[in-house]
Amino acid sequence: MATRYLYLARHGEALPDESGLSDNGRRQAVLLGRRLGNRPISVVHHGPLSRAAETARLIGERLDGAAVTASESAGDCVPYFPDRDELPSDCADFLLRFLSWSTAEDHERGPVLARQALEQFTGPVADNGERHELVVTHSFLIGWLVRHATDAPKWRWLGLNHGNAALTVIRYTPGRPEALSASSYPCP
């Protein structure tokens, strides 16, 4: 078993219709790619939505030899729907209102994708050497993965907000607890 470094980045700023990246979003992706250019990232996974795919492509162009691949597990989803009784009483109404827009499909599909993301992207790897992977995804999934790494309650993905093109790194080392080794705000 070897250490996995999981780099998590939210897509760059999207156009108002979310059909792709704005000029600023493309700039954010290019800057993040430059920032990661000296890291030994071997693969860039991205969700299927165009804003994530475009961000991943722009970052990948700045990484030497990294494969860029679409992954349904890196898609936009609501990873977990809490019950009122597991939420803090002072913010339960707010959090449940926040999730009230979700559909029956979201309730069915989101937790499945979240479980798949945990299976695909977390934990040490069965390799001889370290693995460095980037996942370009959406704020909710990043919140879910950070929540999991810190062993926080399942509902706690709510409120873990990630700016466009912001970077978070989680280290999974055999025989040690997960470590949130770096986190930063978006590229300027």
Side-chain angles (χ1 to χ4, degrees), residues 1-15 18-77 113 116-150 157 160-174 176-188:
M1 300 295 286
T3 299
R4 175 195 314 242
Y5 290 88
L6 184 66
Y7 300 75
L8 300 168
R10 184 177 177 201
H11 59 79
E13 179 185 88
L15 292 166
E18 298 185 342
S19 63
L21 296 179
S22 67
D23 289 342
N24 189 49
R26 284 189 293 281
R27 186 174 139 282
Q28 289 170 333
V30 167
L31 289 172
L32 183 54
R34 286 182 190 158
R35 180 176 178 193
L36 293 171
N38 65 345
R39 304 287 183 189
I41 295 171
S42 60
V43 63
V44 179
H45 305 279
H46 64 82
L49 295 178
S50 60
R51 58 191 183 268
E54 188 176 356
T55 301
R57 179 184 57 77
L58 290 167
I59 292 170
E61 289 172 356
R62 283 137 188 93
L63 302 177
D64 187 30
V68 178
T69 182
S71 173
E72 190 72 23
S73 301
D76 197 6
C77 69
L113 289 176
Q116 290 172 350
L118 289 174
E119 291 168 2
Q120 182 176 354
F121 302 126
T122 67
V125 293
D127 288 342
N128 291 331
E130 293 179 344
R131 183 183 305 166
H132 293 253
E133 299 174 82
L134 170 62
V135 178
V136 177
T137 186
H138 306 271
S139 188
F140 291 176
L141 184 59
I142 295 170
W144 180 250
L145 294 169
V146 168
R147 179 228 54 92
H148 181 266
T150 59
W157 71 269
L160 296 176
N161 300 316
H162 302 272
N164 294 112
L167 180 66
T168 299
V169 182
I170 303 171
R171 184 184 68 231
Y172 300 93
T173 301
R176 293 170 59 186
E178 294 87 349
L180 203 58
S181 61
S183 183
S184 67
Y185 289 95
C187 294

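Predicted model only: the values in this text are computed from it and were never measured.
H11 contributes atom NE2, which lies 7.0 Å from atom CD of E18 (distance to the nearest 0.5 angstrom). Within the model, atoms OG1 of T173 and CD of E178 stand 9.5 Å from one another, a figure rounded to the nearest 0.5 Å. N164 contributes atom CG, which lies 5.0 Å from atom CD of Q28 (distance to the nearest 0.5 angstrom). Remark: S19 OG to L49 CG distance equals 11.5 Å, nearest 0.5 Å. Rounding to the nearest 0.5 angstrom, the gap separating the CG atom in L134 from the CZ atom in R39 is 12.0 Å.
Residues L113 and Q116 form a side-chain contact, since some pair of their non-hydrogen atoms from C-beta on lies under 4.5 Å apart. Counting only heavy atoms from C-beta outward, the side chains of I142 and L160 never approach each other to under 4.5 Å. Side chains of T3 and P124 form no contact here, defined as non-hydrogen atoms less than 4.5 Å apart. Contact of the H45 side chain with the V136 side chain is not registered, since no non-hydrogen atoms from C-beta on lie closer than 4.5 Å. Contact annotation: the side chain of R51 approaches that of D76 to within less than 4.5 Å [non-hydrogen atoms, C-beta and beyond]. Under the 4.5 Å side-chain criterion, counting only non-hydrogen atoms from C-beta, R171 is in contact with R176.
Panel note: side chain R10, backbone H162; a donor-acceptor pair is recorded below 3.5 Å. Distance alone, capped at 3.5 Å, is enough to place a donor-acceptor pair between the E54 side chain and the L21 backbone.
The salt bridge (Lys or Arg N to Asp or Glu O under 4.0 Å) contacts involving residues 133-147 comprise R4-E133, R131-E133, where partners must be two or more places apart or lie in separate chains.
The environment of D64 atom CG is sparse: at most 12 non-hydrogen atoms of other residues, nucleotides or ligands sit within 6.0 angstrom. Within 6.0 Å of CZ on R57 lie more than 12 heavy atoms contributed by other residues, nucleotides or ligands.
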Subject >> Intermediate values then yes/no, side chain to side chain contact (heavy atoms under 4.5 Å, CB included), E61 and L58 >> reply: CA-CA 5 Å; E61 289 172 356; L58 290 167; 3.9 Å; yes
Subject >> Derivation and outcome, side chain to side chain contact (heavy atoms under 4.5 Å, CB included), residues F121 and S71 >> reply: CA-CA 11 Å; F121 302 126; S71 173; 3.8 Å; yes
Original post:
Given R62 and L36, is the side chain to side chain contact (heavy atoms under 4.5 Å, CB included) satisfied, shown in steps?
Top reply: CA-CA 8 Å; R62 283 137 188 93; L36 293 171; over 6 Å; no
**OP:** Before giving the answer on side chain to side chain contact (heavy atoms under 4.5 Å, CB included), spell out for L32 and T55 the whole-Å C-alpha distance, their side-chain angles and the decisive distance to 0.1 Å.
**Re:** CA-CA 9 Å; L32 183 54; T55 301; 5.6 Å; no
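Under the side chain to side chain contact (heavy atoms under 4.5 Å, CB included) test applied with L145, the options T122, T137, T168 reduce to a single match, T122.
Minimum heavy-atom separation, M1 to A126: SD-CA, 3.9 Å. Closest non-hydrogen pair, A2 versus D127, comes out as CB-O, 3.4 Å. Across all their heavy atoms, G75 and P48 have their closest contact at CA-CD, 3.7 Å. When every heavy atom of C77 is checked against every heavy atom of F140, the shortest pair comes out as O-CB, 3.2 Å. Across every non-hydrogen atom of H138 and A74, the tightest pair is CD2-O, 4.0 Å.
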